[in-house]
There are 2 protein chains.
Amino acid sequence: MTSILMIDDDVALTQLVAEYLQLDGYQFKAVHQGPEGLELAKSNTFQLVLLDIMLPGMDGLTVLKQLRQHSYCPVLMLTARGDEIDKVVGLELGADDYLAKPFSPRELVARIKAILRRVELIQHQQQPQLSALQVNGLRLDSAKRQVLVGEQPLILTATEYQILELLLRHAGDVVSKEDLSQLALGKRLQLYDRSLDMHISNIRKKIAQYDEGEKIQTLRGLGYVLLEGEQ
Amino acid sequence: MTSILMIDDDVALTQLVAEYLQLDGYQFKAVHQGPEGLELAKSNTFQLVLLDIMLPGMDGLTVLKQLRQHSYCPVLMLTARGDEIDKVVGLELGADDYLAKPFSPRELVARIKAILRRVELIQHQQQPQLSALQVNGLRLDSAKRQVLVGEQPLILTATEYQILELLLRHAGDVVSKEDLSQLALGKRLQLYDRSLDMHISNIRKKIAQYDEGEKIQTLRGLGYVLLEGEQ
DNA sequence: AAGCCAACGTAAAGGTTGTGTAAAGGACTG
DNA sequence: CAGTCCTTTACACAACCTTTACGTTGGCTT
């Protein structure tokens, strides 16, 4: 059961959000004070925290900063309209996303799901027993931070390795460009941002030096898949 | 019991609509002021809202915009004749349909039923326990966003997949072209719009590569059904 | 039964959008 | 300040969706 904590002094808003998230099957709890929220968040019993920036008593950014000293728990910041600066600061402090008020419940749920899906990707990523795995002629050696094509080690940059590792660890699954960008490049995918495409292109080129077969398949509009050779 | 809220300052009209909808077995309530209607709509006790664009006090579009920040509740906009622009704006703000005044009760009821049916389709769609299902030689793997014919995976475009998934999830039921267009293509079905027909044609062609049997049956004037093999 | 017409099937053309990639531009490092 | 890496720019291309056009089908009228 996924539990979500909301820290916001707007009681009416928290009640509204409570309704929607409970409809979607989430466990939900709201508190209206910064310090109280911080304590609860630190307890690590919630999979996600919705955090308002404007809070009486203790600023949302302060809460975030202190929380990050204890916990990686994903945080979605809620900001009043036009707090551009706060957004930037929040993301730098380690917020996972931000959402400007007023927001639609639809949008909120979509953002929450996106974050949780990404967290799952990361956790899947970190399973140590999969430190070495082999797919379709590619061998990942995450201890050495290296990928082999056949016997040939690829000379990858740090970013290229991260992207390829992510794809390898989810071989057969579609990984969205949004997720790849956030997890490997550490930034939201912007319109007309082509850098991820370039990395993919470069990775393909390096693999193709040793193996002509198609490894990374493009799914237009969806993302990329690392093809498994045969089932 | 399905409850419908009508927000319209024309008292005579609301009484008329009340009669018809109650005859059809709907719970009905009318209010004549924007703010009051907004409060009621936000309470989520109604399955559908009929919303007049011309309202004293608070504009119907404003009501809609504010409602959408709190609720998914379906909205059918009522517009005075010739408010073409309003229609467009309303649909962009998230109205589900519009109906020009004066309208016949018969038409109103038809539109209401269409919207409610679509909402049910979507809800049915979202049931996660049905992530994998098999019908008549077709297997849906929604985790991988893939459909298999026998063992062969189909190479579908995003749109084709959406259409086929919708049909598969309602196998044995007729799905209207209007619904398919709105849910898979994201637009109302226009007169002489043949793009949905083309998608169906292409899907059939792709399935037929591996299985000659008739999967998608046309019901002239009604829509399409994904045939279940045997009962 | 013939004829009409609207709905549908689909090939081909048209237009739009996302992606591939070379090359140039920045940013950082030692 | 040279080298490495990441990003941006620019253009080409391919995939995709839609439109057009014409043929076919099925229901309805006369």
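This is a predicted model, so every value here is computed, not measured. Order of the sequence lines sets the chain letters (A, B, ...), proteins ahead of strands, with each chain counted from 1.
Of the inter-residue distances, the one linking Leu166(A) atom CG with His124(A) atom NE2 reads 10.5 Å to the nearest 0.5 angstrom.
Here dG9(C) presents its P atom at 14 Å from CD1 of Ile207(B), a figure rounded to the nearest Å. Regarding Lys206(A), its NZ atom lies at a distance of 14 Å from the P atom of dT21(C), rounded to whole Å. To the nearest angstrom, P of dA12(C) lies 17 Å from CZ of Arg194(B). Distance, Gln217(A) CD to dG18(C) P: 19 Å, rounded to whole Å.
If you check residues 195-204 of chain A against DNA chain D, the residues with a heavy atom closer than 4.0 Å are Ser195(A), Met198(A), His199(A), listed by number.
Here the side chains of Lys144(A) and Pro153(A) are not in contact, with every heavy-atom distance at 4.5 Å or above.
Using a 4.0 Å cut-off between charged nitrogen and carboxylate oxygen, Asp197(A) and Arg194(A) count as a salt-bridge pair. At a threshold of 4.0 Å, the pair Glu165(B)-Arg145(B) does not count as salt-bridged, since none of the basic side-chain nitrogens sits closer than that to a carboxylate oxygen.
Checked by atom type and distance alone, the side chain of Tyr210(B) never pairs as donor or acceptor with a backbone atom of Glu151(B) at under 3.5 Å.
Around the CD1 atom of Ile122(A), the shell of radius 6.0 Å holds more than 12 heavy atoms that belong to other residues, nucleotides or ligands.
Taking every nucleotide of DNA chain D with any atom under 4.0 Å from a non-hydrogen atom of chain B, the first and last of them, 5' to 3', are dC16(D) to dG26(D).
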